[in-house]
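All values below come from the heavy atoms of this structure, side chains included, with hydrogens, waters and symmetry mates left out.
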Amino acid sequence: MATITVDLSTVPISYSPGPEVKHGDKVVFSMGSYPSAYTAVVTFPDGTCLTTVGPYTLGGGTLTTQQLTVSNLAPKKIYGFDAVIDDGTRERGTDPRGPEERDRKNGGIDVTSDPPEDPAPNK
């Protein structure tokens, strides 16, 4: 099983080694080079391919998520996600921006293989 790392600090979001995954692979979201005061919330608005349901929160000393597993039941397709990045001013009450004005990034995880099929029943 492979592990991909999704770096939220790059423009555009970067994937190592790439955005393609297979069932059972691991995915890690990372704050990358963002300062430690920054936080991020990652959501999959149209459904996730991961076995652990989000949202996934990074920051406050946690610069990466745990390894998240691609579900064996996830259909083959691209699963789009949104990441909202906050520079820490919201918590201090000094950020005049509303949630829709914060740094937002979009990406996707591409499940490249079909789920395993149930074996045909013996006749």
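Contact record, Val84 with Arg104: CG2-NH1, 3.1 Å, taken as the closest heavy-atom pair. When all heavy atoms are compared, the tightest approach of Tyr34 to Lys105 is OH-NZ, 3.2 Å. Of all non-hydrogen atoms in Ala40 and Leu8, the two that sit nearest each other are CB-CD1, 3.9 Å.
With His23 contributing its side chain and Ala74 its backbone, the two residues share a donor-acceptor pair below 3.5 Å. Listed for the Ser30 side chain is no donor-acceptor partner under 3.5 Å among the backbone atoms of Thr64. Between the side chain of Lys22 and the backbone N or O of Met1, no donor-acceptor pair lies under 3.5 Å. The backbone N or O of Pro19 sits nowhere less than 3.5 Å from a side-chain atom of Asp110 that would complete a donor-acceptor pair. Although no hydrogens or angles enter the test, the distance criterion places no donor-acceptor pair under 3.5 Å between the side chain of Lys77 and the main chain of Thr112.
Note that the OG1 atom of Thr57 and the CG atom of Asp86 stand 11.5 Å from one another [nearest 0.5 Å]. The line from CG of Asp82 to OG1 of Thr43 is 4.5 Å long, rounded to the nearest 0.5 Å. We find the CD1-CD1 distance between Ile78 and Ile109 to be 11.0 Å, quoted to the nearest 0.5 Å. In this structure, CG in Asp25 is found 12.0 Å from OG in Ser71, a value given to the nearest 0.5 Å.
For Phe81 and Phe44, the gap between ring centers is short of 6.0 Å.
In the hydrophobic clustering of ILVMFWY residues, with side-chain heavy atoms under 4.5 Å counting as a link, Val6 and Leu63 come out together. Placement of Val111 and Ile13 within a single hydrophobic cluster is found when ILVMFWY residues are connected by side-chain heavy-atom separations under 4.5 Å, directly or transitively.
Judged by distance alone, the side chains of Lys26 and Thr69 do bring a donor and an acceptor atom under 3.5 Å apart. Using modelled atom types and a 3.5 Å distance limit, the side chains of Asp7 and Ser9 yield a donor-acceptor pair.
Contact annotation: the side chain of Tyr79 never approaches that of Asp46 to less than 4.5 Å [non-hydrogen atoms, C-beta and beyond].
Aromatic ring orientation, Phe29 versus Tyr56: parallel (interplanar angle below 30°, classes split at 30° and 60°).
Only one option out of Thr3, Thr5, Thr52, Val21 pairs with Val27 in a side chain to side chain contact (heavy atoms under 4.5 Å, CB included); it is Val21.
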